[in-house]
Amino acid sequence: MREHPNGGIQMSSVTPRLRFSPSPTGYLHIGSARSALYNYLLAKSMGGQFLLRIEDTDRKRLVPDSLDDIINSLHALGIQWDEGPDIGGPYGPYAQSERLPIYHKHLHQLVEQGKAYPCFCTQERLEQVRKEQEAAKTDIMYDRHCRSIDPQEAKRRMESEPYVIRFKMPETGTTQVEDVLRGVLTFDNSKLDDHVLLKRKVAGEAYAWPTYHGCSPIDDHLMRITHIVRGEEWLPSTPRHKLMFQAFGWDVPVFCHLPVILSATGKGKMSKRDGDTAVRDFLRHGYLPAALVNFVLLLGWSGKNDQDLYTMEEAAKVFSFAGLSKSPAAFQTDKLEWFNGVYIRNLSVAELAQQLLPYMQEAGYVSAKPTAAEINYLHSIVPLIQERMTVLTDAVEQVDFLYGDVQDYEPALLLQAKVSPAQARQVIDAALHVVDTATDFTGEALHDALKTAADKLGLKARQVFMPLRVALSGRTVSPGSTTDIMAVLGPEETQKRLRMAQQKAAALG
RNA sequence: GCCACCAUCGUCUAGGGGCCUAGGACGCUGCCCUUUCAAGGCAGUGGCGCGGGUUCGAAUCCCGCUGGUGGUACCA
């Protein structure tokens with residue numbers, strides 16, 4: 001919707017306020033993170049506020065530590081909110097579980113006004129009705145059994161009987177909602193049932209819990225939300241929400257429904273079954289927050305030019321409704337890996353070493369309280385692996401030969417680049433001599449010395465460096481140039497490994 | 001079943017009637033560089049789902065079909 005850069009609303013004096021309202025039913029999903037990101041970016045780019053609200057009205061699906069995870073993950077990604085359950089704000093509380101009296105009051109007011117009504121139907125009856133509708137192949141929806149109960153009688157029964165509160169839907173006509181991305185959408189009211197706003201009160205509790213439909217519009221209004229930007233799965237219930245705002249006599253916010261994120265195969269929306277999908281999983285697997293943000297930013301949004309690298313600050317300046325795409329995107333990690341490599345390469349040695357530390361500690365390469373020597377050693381290693389990593393966890397495997405001893409290898413492995421056993425022995429002897437006589441143990445100096453030795457032996461560069469690479473790393477493929485490896489290892493360890501190679505080479509024909 | 005949304009390279013996307021011989025990025029392939037692997041440089045591969053309209057002209061507008069996805073809870 002390029003023609004609606006401001007989401008179709010006229011810019012007024014009202015400060016844009018957007019929210020991210022997750023349910024604490026699990027660890028922060030990468031798709032939810034995108035939703036949070038877009039809301040945050042939209043708020044910032046419009047000079048507005050962004051708030052975090054917790055929708056914890058489903059007590060059965062509640063996962064105790066998920067709120068902490070949501071907050072931590074959001075923080076890790078660099079998404080900050082102006083108001084929220086942890087920091088408060090002028091329109092709190094920001095957890096719905098703490099707002100029960102508010103919903104009670106508003107929803108009962110709707111009943112008083114005849115815009116909603118109590119329903120006394122039992123679960124059993126509802127199930128029965130559903131079954132019959134399925135059998136008859138008619139629309140499956142509440143049959144409005146309690147809608148016709150006389151208000152006075154209903155009021156009396158509410159005092160003694162358990163009930164839910166249902167919205168009184170118009171039975172005919174249509175409801176139009178405007179979506180920033182999709183334009184005006186028309187829904188047939190006859191297809192909308194009298195949905196539950198307030199659930200049956202649990203015995204012993206002071207207030208009944210609301211459903212999403214019951215509390216979300218109330219909160220959005222009370223919290224002065226101007227733009228509701230949420231997942232496409234909410235699109236079908238948007239007419240309900242619009243009607244709710246109108247029933248209360250409130251302004252209807254701008255709606256924008258983001259396309260869902262599909263699994264990598266494009267079949268169905270991305271779910272836990274597709275493997276690790278929580279932000280914390282990606283972080284643990286060695287993805288950088290900035291890379292994750294950049295990747296997810298472009299999963300459903302694109303800027304004016306062909307730019308694909310964005311910092312959060314840049315994105316906060318240029319993000320707008322105009323760049324949103326309305327078709328769903330498949331979550332394929334190829335590009336995420338590329339982004340991650342780019343961001344890793346952009347880190348300074350010290351920064352990358354810092355990022356790597358936990359993984360190195362976990363591998364037992366660095367102690368829990370790193371010594372200065374350990375840190376220095378790590379710093380010397382980082383340049384060798386920096387441009388060879390796509391995720392941080394790659395490092396552990398790449399540097400194993402720089403920590404433990406070299407793995408035992410077949411002597412024949414020393415015969416790289418078609419050198420003969422005799423030549424291999426000459427190369428190792430020459431290298432040993434270079435090490436013994438080196439005054440400057442840097443990669444550069446060692447390279448020059450070995451190159452000279454190679455010339456003397458009449459060998460090509462690869463014919464001396466490759467056998468030595470095997471001698472030093474035990475592998476034919478390893479990070480860094482051979483001489484950089486020597487420099488990192490230091491004269492003593494280099495010598496030790498060369499001697500070992502010398503012995504192996506002696507056994508060769 | 002019913003309701004709704006969506007549809008450009010394998011993937012993410014640009015495109016709003018002529019600037020499209022459809023652009024960029026990732027991936028893939030090849031070449032260059034090279035002491036391995038990477039990184040980097042260069043080149044290449046590859047797409048408008050189908051059918052009807054509208055128009056001098058359609059990837060772009062309209063209709064139908066097909067396909068995909070979402071919703072249909074006292075879940076969110």
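Chain identifiers are assigned alphabetically (A, B, ...) following the order of the sequence lines, protein sequences preceding nucleic acid strands; residue numbering begins at 1 within each chain.
- Nucleic acid contact class of A/Val164 (heavy atoms, under 4.0 Å, all strands): base.
- Taking atom C1' on both B/U13 and B/G18, the two are 23 Å apart, rounded to the nearest angstrom.
- What separates CZ of A/Arg475 from P of B/U35 is a distance of 20 Å, to the nearest Å.
- Using a 4.0 Å heavy-atom criterion, one finds that A/Ser325 contacts the sugar-phosphate atoms exclusively.
- Nucleotide B/U11 is matched to B/A25 when pairs are restricted to Watson-Crick or G-U wobble geometry with both distances under 3.5 angstrom.
- To the nearest angstrom, P of B/G24 lies 14 Å from CG of A/Asn305.
- Stacking of A/Trp338 onto the six-membered ring of B/C26 is not present when judged by under 5.5 angstrom between centres and under 30° between planes.
- Going from atom NZ of A/Lys304 over to atom P of B/U13 covers 16 Å, rounded to whole Å.
- Between A/Ser302 and B/A14, a side-chain N or O to OP1/OP2 separation shorter than 4.0 Å is present.
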Taking it one step at a time, do A/Asp220 and A/Arg53 satisfy salt bridge (charged side-chain N to carboxylate O under 4.0 Å, His left out)? CA-CA 10 Å; A/Asp220 284 334; A/Arg53 180 174 79 216; 2.9 Å; yes
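- For A/Arg61 and B/A76, the shortest distance from a side-chain N or O to OP1 or OP2 is not below 4.0 Å.
- Checking the phosphate oxygens (OP1, OP2) of B/G70, no side-chain nitrogen or oxygen of A/Lys326 falls inside 4.0 Å.
- Within the 4.0 Å cut-off from OP1 or OP2 of B/G71, not a single side-chain nitrogen or oxygen of A/Arg240 is found.
- If you check every strand for non-hydrogen atoms under 4.0 Å, A/Cys215 touches nothing.
- Residue A/Val477 is classed as a base contact, given a heavy-atom separation below 4.0 Å to a base.
- Nucleic acid contact for A/Gly480: base, since at least one base atom lies under 4.0 Å from a heavy atom of the residue.
- Electrostatic pairing of A/Arg147 and A/Glu171 counts as a salt bridge here, judged by a charged N lying under 4.0 Å from a carboxylate O.
- With respect to A/Glu127 and A/Arg125, no salt bridge is recorded, no charged nitrogen being found less than 4.0 Å from a carboxylate O.
- Close to B/G71, at under 4.0 Å from its OP1 or OP2, lies a side-chain N or O of A/Lys269.
- Contact annotation for A/His257: no contact, since no heavy-atom pair falls under 4.0 Å across all strands.
- The A/Gln332 side chain lies nearest to B/U11 when the options are B/U11, B/U69, B/A4.
- The side chain of A/Lys60 places no N or O atom within less than 4.0 Å of a non-bridging phosphate oxygen (OP1 or OP2) of B/A76.
- Here the C1' atom of nucleotide B/U35 and the NZ atom of A/Lys451 are 10 Å apart, to the nearest Å.
- Nucleic acid contact for A/Leu126: base, since at least one base atom lies under 4.0 Å from a heavy atom of the residue.
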